[in-house]
Amino acid sequence: MNADTIAALSRPEFEQALRAKGQFYHIHHPYHKAMYSGQCTPEQIRGWVANRYYYQIQIPQKDAAIMANCPDPSVRRLWLQRILDHDGHDGDAGGIEAWLNLAEAVGLTREEVIDERHVLPGVRFAVDAYRNFARQASWQEAACSSLTELFAPEIHQSRLASWPQHYPWIDPAGYGYFRKRLSEARRDVEHGLTITLDFFVTGAQQNRALEILQFKLDILWSMLDALTMAYLHQTPPFHTVTDQAVWHRGL
Ligand SMILES: O=C(O)c1cc(C(=O)O)c2c(n1)C(=O)C(=O)c1cc(C(=O)O)[nH]c1-2
């Protein structure tokens with residue numbers, strides 16, 4: 001069947017199809033499964049936290065790109081909250097600061113996280129692909145790419161439910177980020193979902209939305225593949241040549 005002749009799904013059917021993409025969420029990645037079943041070493045937890053920092057700092061730039069491409073003040077007014085959530089405002093130090101608290105709670109120094117020395121090239125390329133997509137795509141397509149957040153509260157909850165018992169060496173003061181995201185992700189996704197359901201209405205458009213969501217799922221999965229090579233198999237980039245972290249730290 002030609003892409004133009006694909007029958008459109010009803011609004012509830014389309015929402016269901018988007019939600020069904022949860023089967024490919026990174027909660028099912030072996031690295032995540034190892035984390036919440038208590039099988040990770042401190043080094044593997046630290047590697048994940050230090051690398052995920054790069055995602056955390058790129059998210060507000062991604063959201064700023066969406067706002068820059070969006071001519072509608074009513075959308076920008078709501079979208080702005082995402083940037084405030086991560087960068088902080090008034091009495092709230094913000095998500096990036098909360099992530100640094102998590103980093104310290106797992107035994108990393110702020111310095112080694114902020115200078116990005118642990119960020120693997122594969123993680124950097126995956127995260128950059130997300131931010132760059134938001135710069136180049138329409139704001140509606142970029143909003144759609146944030147819909148993995150449909151599945152995020154469950155993953156934050158799974159960490160809160162399992163990490164304290166499996167990893168007593170982690171300072172519980174570090175768990176604030178996961179708690180904070182439970183409500184923020186639910187609110188974000190309501191807005192992102194409304195934009196997506198309103199904008200992608202023909203069968204071909206809906207297929208494109210599902211492909212965009214798959215692109216984002218691929219990004220999250222690829223980040224963990226890179227971490228697996230480095231921290232599970234002990235085969236970081238260039239390991240056949242050197243045991244030094246010679247990869248670049250961002251240009
Ligand atoms: O820990 C996670 O597994 C996870 C996943 C995702 C996601 O699904 O994209 C986000 C977050 N956390 C998160 O903390 C966050 O702030 C966030 C923003 C976005 C986005 O696409 O705009 N995703 C996510």
Side-chain angles (χ1 to χ4, degrees), residues 18-19 21-36 45 48-67 69-70 75 78-88 92-103 106 123 126-135 137 139-163 174-193 195-196 209 212-224 227:
L18 291 164
R19 288 185 185 277
K21 283 283 185 186
Q23 67 183 302
F24 304 120
Y25 197 47
H26 62 173
I27 198 168
H28 303 295
H29 193 286
Y31 204 101
H32 253 127
K33 288 185 173 181
M35 280 198 293
Y36 57 73
I45 297 278
W48 177 75
V49 170
N51 274 270
R52 256 291 298 260
Y53 175 75
Y54 190 63
Y55 190 71
Q56 302 308 130
I57 61 171
Q58 292 301 323
I59 289 283
Q61 291 198 44
K62 179 273 294 182
D63 287 319
I66 293 175
M67 287 184 56
N69 288 333
C70 177
V75 173
L78 290 178
W79 209 270
L80 179 60
Q81 187 59 45
R82 297 178 187 236
I83 297 179
L84 298 176
D85 287 343
H86 287 278
D87 289 347
D92 176 5
I96 294 173
E97 181 58 28
W99 197 268
L100 287 168
N101 288 339
L102 173 65
V106 301
V123 168
V127 174
D128 286 351
Y130 185 32
R131 185 205 55 215
N132 292 340
F133 177 73
R135 286 181 179 161
W139 62 271
Q140 295 95 335
E141 288 198 342
C144 172
S145 70
S146 75
L147 287 186
T148 46
E149 282 205 275
L150 278 168
F151 321 120
E154 188 188 343
I155 207 167
H156 293 306
Q157 189 59 58
S158 79
R159 293 169 191 140
L160 287 167
S162 63
W163 283 29
Y175 294 131
Y177 182 83
F178 301 143
R179 226 168 281 119
K180 174 175 159 65
R181 285 309 296 171
L182 288 176
S183 56
E184 290 174 355
R186 290 196 178 100
R187 183 213 54 216
D188 288 354
V189 91
E190 229 172 273
H191 186 212
L193 193 56
I195 291 169
T196 302
I212 290 168
L213 188 49
Q214 186 61 53
F215 158 79
K216 172 68 173 304
L217 291 161
D218 294 351
I219 285 166
L220 296 173
W221 196 274
S222 299
M223 290 167 67
L224 294 173
L227 283 161

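In each ligand, atom 1 is the first atom listed, and ligand 1 is the first ligand listed.
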Within the protein, residues bringing a heavy atom under 4.0 Å of ligand 1, chain by chain:
Tyr25, His26, Arg52, Tyr55, Ile59, Lys62, His86, Tyr130, Ser146, Thr148, Glu149, Ile155, His156, Arg159, Tyr177, Arg181, Lys216, Leu220
About how many Å separate CG of Leu147 and CZ of Arg19, when rounded to the nearest 0.5 Å?
9.0 Å
Within 6.0 angstrom of Gln81 CD, more than 12 heavy atoms from elsewhere:
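Yes.
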For Glu154, does the CD atom sit with more than 12 other heavy atoms under 6.0 Å from it, leaving out its own atoms?
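At most 12 heavy atoms, drawn from other residues, nucleotides or ligands, come within 6.0 Å of this atom.
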Whether the side chain of His32 engages the backbone of His26 through a donor-acceptor N/O pair (distance < 3.5 Å, no angle test) should be reported.
yes
Can Glu184 and Arg187 be counted as an ion pair, charged N to O under 4.0 angstrom?
no
Using the ring centroid of each side chain, check whether Tyr177 and Trp99 are separated by less than 6.0 Å.
yes
